[in-house]
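Please read the structure below before turning to the comments.
What you see below is based on every heavy atom in this structure, not just the backbone, and it leaves out hydrogens, waters and symmetry mates. Numbers restart at 1 for each chain; the letters A, B, ... are given by sequence-line order, proteins then strands.
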2 protein chains.
Amino acid sequence: MKQKITIKTIAKELGVSTSTVSKALKDSHEISSETKEKIQAYANHYNYKPNNLALQLRNQKTKVIGVILPKIVHHFFSTVIMGIEDGANERGYNIMVCFSNESYKKEVETLKVLSNGSVDGLIVSIASETLENKDFNHFKGLVTEEIPLVLFDRVVDEILCDKVVVDDVGAGYKATKHLLDNGNKKIALITTPNHVNVGALRRQGYEKALIEEYIKTNENFIVEVDEKKDIKKQIEKVFDEDIDAVFAVNEIYAANAMRIAKEKGFKVPEDMSIIGFTDGLISEYSSPSITTIAQHGFTMGKQAVALLIDRIENESEVFKPKKIVISSDLKLRESTKPSS
Amino acid sequence: MKQKITIKTIAKELGVSTSTVSKALKDSHEISSETKEKIQAYANHYNYKPNNLALQLRNQKTKVIGVILPKIVHHFFSTVIMGIEDGANERGYNIMVCFSNESYKKEVETLKVLSNGSVDGLIVSIASETLENKDFNHFKGLVTEEIPLVLFDRVVDEILCDKVVVDDVGAGYKATKHLLDNGNKKIALITTPNHVNVGALRRQGYEKALIEEYIKTNENFIVEVDEKKDIKKQIEKVFDEDIDAVFAVNEIYAANAMRIAKEKGFKVPEDMSIIGFTDGLISEYSSPSITTIAQHGFTMGKQAVALLIDRIENESEVFKPKKIVISSDLKLRESTKPSS
DNA sequence: TGTCAACACGAAACCGATTTCGTAACTTTT
DNA sequence: AAAAGTTACGAAATCGGTTTCGTGTTGACA
């Protein structure tokens, strides 16, 4: 990189001190307008830009927010990022994005790197491997160091910090209820393994809706997808059961279910209703398009970042973790029967 | 944030100088093993972590790469980010991600912020508004400041820097040729306005393939989609023409075409073949699934970041812009007739 | 016993800004 | 004319590290 122009250069060239330059550039009243003009003109001409690192070191803040996501090629997380970036920008922050790729080890490392003063705070959605391990010491470390932290979507109670979640139980209930209301009784659930708590919560909602209708949950109707294996094959198995509807906890599972249903000769939604989660492009462009729970990822991102920046800028405040619950909506499309 | 422990604290507590602490922590031979052990034990116990900002200021490098994308809720860009992050991590860099949201103004601002020393280099895909304006002074500024820059996918010749692109002409040709080879003659093209150069290049490939078969391009078969208006309506119009195939320059257009074709009663691929671009989830889960040009976003990201880091770490090298062309593959699926 | 090297450590400069405090040179007040 | 107040600027500390260049103390060797 080319030798950049600094305050020192300007000072030397113009025969003044660095303090004078600094003040002149901030239009301080301490400096005569004559000197100010001279300095400003010079700075302008040579396109002087204050060095951010120096400022960050001095101010002890970076105006950067670290974001760690399990993955990005996923409609929900993409929209969350958009929300975070948007909210951050509004308040003069930038975001530094990293991915854990669902790996515990990478999450620990990334957290370590980012917490070395590179960021003022962190927004994280926990990796599935970490949720499985149940080892959250790396997060607890952050808390004791008092580095502002906001968890979203995939959160755990053990970590004392602000959280933003969707009302997963309610959403699971809403989806299942919708199926029940339209005459479906034998509803399969395609979910994640139980350690991914959003999956577990959505399942709770599913079970709650069934119980209300005095339907016993049938374990054979429930598939816990292991993403390391072939997803489609695992989902296919539940179609051997006598089912008339599928509730999938994400888009991909729903799209797979749709495909399998069609292959098996079911008519959607006449013989088989399908509801997904995450209102992404797959659901929208599938045919028939898929009824789904819209998670409002953008809103979640904005809320998370607002929470975080408030925390960063009001350190003095007594620490009382907040939890924001974002409601989710059922987006009716063609894969379920119209409400009767 | 809690008062963090610094080298100064350690020095004071242990009654040594900061230089001694610094050296001890780097296991310098200048320090007696006795003192080293004492200092290291202390640092370890109090979980000392060197302040990144201080190091960055001193070393004049941040080990951070800025990435500016037009959007993220898009399979191609998501995969590119993954590639960039992956490649960056391998070489000890982090990425700072921003979005221009296709806006010229935001691109300029973001570029200004990031080039203040916050990053060692930049990877950018140009906003469509900027391409339309043809105002690239903000990029030229970077070049004269000698801040390493790599453009990918949406690039322009005016900017002298490294570039990574897909072989858009070739890909457009490949897609069109495939349609022609399978008996389609009246091929519609759903593309972007001409200022988005990837669209223009893919169109060139399309035209080239037609010319080879002595088919005159029919302007009525070509739709330049304005994303500010209703996408579907614009695409629908071309179906009024007598066409037997559609080549769309991205997933969304292809999915829309698929939907319209089905609505109009065409059988895909018997009556109507469809080829898309970007091998994303929509193409995969559409039914019938969509034949598409796979762009290898991950590879592009990795190549771009490798190019950038090489540039960052070998500033001495004479500057000769490199251009890497990533080949793209035709991924055959159900929306086109099997090769005869 | 004087000299020199090795050892172990500290002082101070440096990265690029900001900011407090001091002060010389005027101007105003009494 | 002395005291007080302005004006316009500079010196130096600071942020948290690294690194160069001393320097005092040993011990070995001639």
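Applying the 4.0 Å criterion to OP1 and OP2 of C:dA8, one finds that B:T35 has every side-chain N and O outside that range. Look at A:S17 and you won't find any side-chain N or O under 4.0 angstrom from OP1 or OP2 of D:dA11. Between B:S22 and D:dT18 there is a side-chain polar atom (N or O) within less than 4.0 angstrom of OP1 or OP2. Under 4.0 angstrom from either OP1 or OP2 of C:dG16 there lies no side-chain N or O belonging to A:Y48.
Residues B:S118 and A:N52 have side chains that bring a donor and an acceptor to within less than 3.5 angstrom of each other. Defined by atom type and a distance below 3.5 Å, a donor-acceptor pair is missing between the side-chain atoms of A:S19 and A:S22.
Scanning atom types as modelled, no donor and acceptor separated by under 3.5 angstrom connect the side chain of A:Q60 and the base of D:dC15. Judged by distance alone with a 3.5 Å cut-off, a donor-acceptor contact links the side chain of A:S19 to the base of D:dA11.
Rounded to an integer number of Å, the gap from NZ of B:K49 to P of D:dG16 is 15 Å. One can place CZ of A:R58 at 10 Å from P of D:dT14, the figure rounded to the nearest angstrom. The distance from atom CD1 of B:I31 to atom C1' of D:dT19 is 12 Å, rounded to the nearest whole Å. Rounding to whole angstrom units, NZ of residue B:K23 and C1' of C:dA12 are separated by 11 Å. A straight line from NZ of B:K8 to P of C:dA12 spans 14 Å, rounded to a whole angstrom. Remark: P of D:dA8 and CD1 of A:I39 are 13 Å apart, rounded to the nearest angstrom. Spacing between atom OH of B:Y46 and atom C1' of D:dG16 amounts to 20 Å, rounded to whole angstrom units. In this structure, the CD1 atom of A:I10 is 12 Å from the P atom of C:dG16, given to the nearest Å.
Without hydrogens or angle criteria, A:E146 side chain to A:V143 main chain gives no donor-acceptor distance under 3.5 Å. Side-chain atoms of B:N94 never come within 3.5 Å of backbone atoms of B:V64 as a donor-acceptor pair (strictly under, hydrogens ignored).
Looking at which nucleotide of DNA chain C each of A:L55 and B:S32 is closest to, the 5′-most match is held by B:S32. Along DNA chain D, the nucleotide nearest A:T18 and the nucleotide nearest A:K36 are compared for position; the residue whose nucleotide lies closer to the 5' end is A:K36.
Ring geometry, B:F76 versus B:H74: the interplanar angle exceeds 60°, so the pair is classed perpendicular (tilted spans 30 to 60°).
Out of C:dA17, C:dA8, D:dG17, the shortest distance to the side chain of A:P50 is found at C:dA17. For A:E30, the side-chain atoms get nearest to C:dC21 when compared with the rest of D:dA11, C:dC21, C:dC9.
Note on A:L57: a base of the nucleic acid sits closer than 4.0 angstrom, heavy atoms only. Residue B:T6 is in sugar-phosphate contact alone, with no base atom involved, counting any heavy-atom pair closer than 4.0 Å across all strands shown.
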